[in-house]
Amino acid sequence: MSVRVRRVYDPPEPEDGVRILVDRLWPRGLSKDAARVDEWPKGLTPSTELRRWYHAGEASYEEFSGRYEAELAAPEAAELLGTVRESAAKGPVTLLTASKDPEHSHAAVLARLLQD
């Protein structure tokens, strides 16, 4: 199973496979043509409250990850996660985020869960 995380602002690459935007908001200054997003499951994104709490700088990445994983256990999110897992079983999947630090973002949590 091949799942990777990239910034949505990076140019698409042939090895990206299915490109899935995992941010709740569309990235600023990026056209839909340039982004080449195949799927945008907003139900997989962290809640607004969790996102604001984490970005306020008051929490560790580990604590954020735990809370986000708990949100992903909700029925809608779990179903969407299963759909992405099925796509990853068929071929490469790239999770796209506008985060400046993708390795410490919700996209990295998703990638880890999909590869488990």
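Remember, predicted model here, so these are calculated numbers, not experimental data. These numbers come from the heavy atoms of this one structure, side chains and all, not from hydrogens, waters or symmetry mates.
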dist Leu72:CG -> Leu80:CG (nearest 0.5 Å) comes out at 9.5 Å
- request: Look at the aromatic rings of Phe64 and Tyr68 and report parallel, tilted or perpendicular, splitting at 30° and 60°.
  value: parallel
Worksheet item: Given Arg28 and Tyr9, is the side chain to side chain contact (heavy atoms under 4.5 Å, CB included) satisfied, shown in steps?
Response: CA-CA 10 Å; Arg28 288 184 181 184; Tyr9 297 106; 4.3 Å; yes
Heavy-atom nearest pair, Val5 first then Ala111, reads CG2-CB, 3.7 Å
Practice task
Give a yes or no on whether a salt bridge exists between Glu69 and Arg112, defined as a side-chain N under 4.0 angstrom from a carboxylate O.
Solution key: yes
**Asked** Are Val109 and Leu50 linked, directly or through other ILVMFWY residues, by side chains that come within less than 4.5 angstrom of each other?
**Response** yes
Heavy-atom nearest pair, Ala78 first then Ala73, reads CB-O, 4.2 Å
Next on the checklist: Between Arg85 and Gln115 (side chain of the first, backbone of the second, donor and acceptor by atom type, cut-off under 3.5 Å), is there such a pair?
Outcome noted: no
Discussion item. Hydrophobic clustering (ILVMFWY, side-chain heavy atoms < 4.5 Å, transitive) - are Leu30 and Val37 grouped together?
Written reply: yes
Kindly indicate whether a cation-pi arrangement holds for Lys32 with Trp40, taking the cut-offs as under 6.0 Å to the six-membered ring centre and within 45° of the axis.
no
In this structure, CH2 of Trp26 is separated from OG of Ser31 (nearest 0.5 Å) by 8.0 Å
**Study point:** Ionic contact status for Asp10 with Arg7, cut-off 4.0 Å
**Key:** no
Next on the checklist: Under a 4.0 Å threshold between the charged nitrogen and the carboxylate oxygen, would Glu86 count as salt-bridged to Lys90?
Outcome noted: no
Main-chain N/O of Pro92 paired with Ser2 side-chain donor or acceptor, under 3.5 Å
no
Going by an N to O cut-off under 4.0 Å, is there a salt bridge joining Asp23 and Lys42? no
Interatomic distance, CG@Leu44 vs CD@Glu71, rounded to 0.5 Å, equals 11.0 Å
*Any side-chain heavy-atom pair from Ile20 and Val84 closer than 4.5 angstrom?*
yes
Exceeds 12 heavy-atom contacts within 6.0 angstrom, atom CD of Glu76: no
For Arg51, the salt bridge (Lys or Arg N to Asp or Glu O under 4.0 Å) test, sequence neighbours excluded, returns none
Practice prompt. Show your reasoning for whether side chain to side chain contact (heavy atoms under 4.5 Å, CB included) applies to Val8 and Arg6.
Written response: CA-CA 6 Å; Val8 69; Arg6 295 187 65 217; over 6 Å; no
In short, Pro12 meets Arg36 closest at the heavy-atom pair CB-NH1, 3.0 Å
(request) Decide yes or no on side chain to side chain contact (heavy atoms under 4.5 Å, CB included) for Leu110 and Leu81, but give the supporting numbers first. (result) CA-CA 8 Å; Leu110 284 172; Leu81 192 60; 3.8 Å; yes
Distance col, row Trp53:CH2 vs Thr48:OG1, nearest 0.5 angstrom, shows 15.0 Å
All heavy atoms of Ala98 vs all of Pro27, minimum pair found to be CB-CB, 4.2 Å
To the nearest 0.5 Å, atom CG of Leu21 lies from atom CG of Asp38 at 11.0 Å
| message | Tell me whether Arg67 contacts the main-chain N or O of Pro46 through its side chain, where contact means a donor paired with an acceptor under 3.5 Å. | response | no
dist His106:NE2 -> Tyr54:OH (nearest 0.5 Å) comes out at 11.0 Å
Please determine whether residues Leu25 and Leu95 belong to a single hydrophobic cluster, defined as Ile, Leu, Val, Met, Phe, Trp and Tyr linked transitively by side-chain heavy-atom distances below 4.5 Å. no
SB check Glu13 Arg4 (cutoff 4.0 Å)
yes
